[in-house]
Amino acid sequence: MENNIGQTMYNWATELFPINRSLTGKGVRETLSYFQNIIPELEIKSVPSGYKAFDWTVPEEWAIGDAYIENKEGEKIVDFKLNNLHVVGYSEPVNDWFSLEELNEHLYSLPEQPDTIPYVTSYYKKRWGFCLSENQRQKLESGDYHVVINSEFKDGVLNYGEVILPGKSNKEVFLSSYICHPSMANNELSGPVVTIALCDWLSKQKDREFTYRIVLIPETIGSIVYLSKNLDEMKQKVFAGFNITCIGDDRCYSYLPSRTENTISDIVALHVLKHTDPDFRRYSWLDRGSDERQYCAPGVDLPIATIMRSKYGEYPEYHTSDDNLDLISPDGLTGGFEALKKAITVLENNNFLRTTVNCEPQLGKRGLYPTISVKGSANEARKMMNFISYCDGNLSLLEIANKINEPVWDLYDLSEKLIKNDVIEVVK
């Protein structure tokens, strides 16, 4: 898979794009089942409607079969079957005639983006509505319109997916993404397809140091439900993690910190992005908007940071029909995947190192120091000596990399060579 991982992830997103996902219901289960076919270890779990999770209650399950607005001639001018963003998420059923004036109270459009359908939801207050482009809206003529939303609410379940990949240590890295938006590509599907690709890659790493807890959930209520069931264990075990969202376009890289802004996840994310794209966009905790709100909330305090491409709410296509498959790309998805893969690899290899001799080691007798001066050889020797000088047993590999301003992944082979030649050792 990894030889053409970007195209593979894009193909997954293409196949999942038409599914009408919401907080609950068939679309969520279809999406989880699709990913379960790729990762058989993925467990699909459920909690019932009415389940109490801290200050929240799981809503009723919502299902929709059809929805449209038609004029007196029977012409459908807005049709859910043509674009599932046309219906306000969790709309209550309706089958009636309305004047244009009455209908307008239930219509949503974006005058500043006249060709675009907005994405609108009303999960916790019963109402109905349609979303359409401003251009469509301006073409509506005075008169009566037949409005149909064939939806239902029922006592059902909220579903989520979970994978636990055991490592040598029971210390955990937590990866989370969401599966509750309908047909949107960067804000919805980029997160779970990158997460599943990471899960597949991790499952093939047979010498994992840490355990990986990976979840696909409905945003907000899903993370709250998951925490209500697992918080005590997670507070004991999770030492790092990433919320994975908006990671499929190729415009930029972005970083959103944890609430404390100083966890190992923050330090790793900043290091990876600095050496991936020095012009990455750095946001503050005040710019939060996804499930990091729950994972880093007071009393929860998990060390969760976010590596993104274009951040949610910061690109014009966000929460509209323009967030489509043209917005993401195999290259954009690959970039997001590689950034998170590097972050995980940093965590896996972040050993504390110390020298085995007092004073500087004699590298020449070990064949590690250049015996002839050619262009570049002095720089490599200087990098090696700088690296060794910080191996005091109190600094991790990542901390040393930051001090000598080198990408940590450029130090993996060097540290292995120095360990092999008995110059440094791993502090147990």
Side-chain angles (χ1 to χ4, degrees), residues 17-28 49 57-156 180-185 187-188 218-221 289 312-313 315-324 326-327:
F17 190 79
I19 297 175
N20 185 49
R21 285 166 292 273
S22 188
L23 287 189
T24 61
K26 178 183 175 184
V28 173
S49 303
T57 302
V58 172
E60 293 176 293
E61 188 171 320
W62 181 66
I64 183 168
D66 197 9
Y68 55 86
I69 302 172
E70 63 180 4
N71 59 23
K72 286 184 177 180
E73 288 71 38
E75 177 189 5
K76 291 183 180 179
I77 54 176
V78 177
D79 191 347
F80 167 78
K81 290 184 176 179
L82 296 180
N83 192 311
N84 56 31
L85 297 185
H86 273 313
V87 172
V88 171
Y90 260 63
S91 279
E92 60 186 351
V94 60
N95 187 344
D96 209 344
W97 287 84
F98 297 89
S99 68
L100 178 58
E101 182 180 4
E102 294 170 321
L103 179 60
N104 263 320
E105 295 179 5
H106 299 270
L107 298 182
Y108 301 86
S109 60
L110 296 171
E112 66 277 14
Q113 293 175 270
D115 296 318
T116 297
I117 304 167
Y119 168 60
V120 180
T121 61
S122 183
Y123 297 132
Y124 300 103
K125 181 175 174 57
K126 292 288 180 66
R127 55 165 54 90
W128 62 268
F130 283 86
C131 303
L132 68 169
S133 73
E134 179 67 13
N135 287 337
Q136 279 182 296
R137 189 171 189 169
Q138 292 302 321
K139 292 177 182 177
L140 296 177
E141 299 176 352
S142 295
D144 293 335
Y145 292 86
H146 185 206
V147 175
V148 173
I149 298 179
N150 180 18
S151 64
E152 66 170 335
F153 297 92
K154 62 180 181 179
D155 286 334
C180 57
H181 296 68
S183 296
M184 284 179 284
N187 182 52
E188 168 69 1
E219 196 173 23
T220 304
I221 186 63
Y312 48 80
Y315 59 96
E317 300 89 350
Y318 173 72
H319 271 198
T320 75
S321 56
D322 287 343
D323 190 346
N324 55 39
D326 292 332
L327 184 62

Inset, instruction - Assess whether atom NZ of Lys76 is packed by more than 12 heavy atoms of other residues, nucleotides or ligands within 6.0 Å. - result: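 It does: Lys76 NZ has more than 12 such atoms within range.
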Inset, instruction - Flag yes if more than 12 heavy atoms outside Glu112 fall under 6.0 Å of its CD atom; otherwise flag no. - result: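 Check passes, neighbour count above 12.
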Measure from the side-chain N and O atoms of [X] to the backbone N and O of [Y], and report whether any donor-acceptor pair falls under 3.5 Å.
| X | Y | result |
| --- | --- | --- |
| Asp323 | Tyr318 | no |
| Arg137 | Pro114 | no |
| Asp322 | Pro316 | no |
| Ser109 | Leu132 | no |

Less than 4.5 Å apart, side chain to side chain, heavy atoms only: is that true for [X] and [Y]?
| X | Y | result |
| --- | --- | --- |
| Ile77 | Asn71 | yes |
| Pro59 | Tyr123 | no |
| Leu100 | Glu141 | no |

[X] and [Y]: which non-hydrogen atoms are nearest, and at how many Å?
| X | Y | result |
| --- | --- | --- |
| Val78 | Gln136 | CG2-NE2, 4.5 Å |
| Phe17 | Ala185 | CE1-N, 3.9 Å |
| Ser151 | Trp62 | CB-NE1, 3.6 Å |
| Glu188 | Cys180 | OE2-N, 3.2 Å |
| Ser49 | Lys154 | OG-O, 3.9 Å |
| Asn324 | Ser321 | ND2-O, 3.5 Å |

Inset, instruction - Name the orientation class of the two ring planes belonging to His319 and His181 (parallel below 30°, tilted from 30 to 60°, perpendicular beyond 60°). - result: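 Rings of His319 and His181: tilted, as their planes differ by 30° to 60°.
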Inset, instruction - Kindly determine whether Asn187 and Tyr315 satisfy side chain to side chain contact (heavy atoms under 4.5 Å, CB included), including the steps that lead there. - result: CA-CA 10 Å; Asn187 182 52; Tyr315 59 96; 3.5 Å; yes
Legend entry - Candidates Phe130, Trp128, Tyr145 - the one meeting ring-ring contact (aromatic ring centres under 6.0 Å, His included) with Phe98: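 Per the ring-ring contact (aromatic ring centres under 6.0 Å, His included) rule, the option paired with Phe98 is Trp128, out of Phe130, Trp128, Tyr145.
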Inset, instruction - Before giving the answer on side chain to side chain contact (heavy atoms under 4.5 Å, CB included), spell out for Ile69 and Leu107 the whole-Å C-alpha distance, their side-chain angles and the decisive distance to 0.1 Å. - result: CA-CA 11 Å; Ile69 302 172; Leu107 298 182; 3.9 Å; yes
Rounded to the nearest 0.5 Å, what separates atom [atom1] in [X] from atom [atom2] in [Y]?
| X | Y | atom1 | atom2 | value |
| --- | --- | --- | --- | --- |
| Trp97 | Leu103 | CH2 | CG | 11.5 Å |
| Asn20 | Ser183 | CG | OG | 7.0 Å |
| Tyr124 | Ile221 | OH | CD1 | 4.0 Å |
| Ile64 | Asn150 | CD1 | CG | 7.5 Å |
| Ser133 | Gln113 | OG | CD | 11.5 Å |

Inset, instruction - Report the C-alpha distance between Asn84 and Arg21 in whole Å, list the side-chain angles of each, state the deciding distance to 0.1 Å, and finish with yes or no for side chain to side chain donor-acceptor pair (under 3.5 Å). - result: CA-CA 9 Å; Asn84 56 31; Arg21 285 166 292 273; over 6 Å; no
Side-chain donor-acceptor pairs under 3.5 Å in residues 85-95, sequence neighbours left out?
from	atom 1	to	atom 2	distance (Å)
His86	ND1	Cys131	O	2.7
Tyr90	OH	Thr24	OG1	2.6
Tyr90	OH	Glu60	O	2.7
Ser91	OG	Val88	O	2.7
Ser91	OG	Gly129	N	3.2
Asn95	OD1	His146	NE2	2.8

Inset, instruction - Evaluate the criterion side chain to side chain contact (heavy atoms under 4.5 Å, CB included) for residue pair Ser99 and Asp144; output intermediate values, then yes/no. - result: CA-CA 4 Å; Ser99 68; Asp144 293 335; 3.8 Å; yes
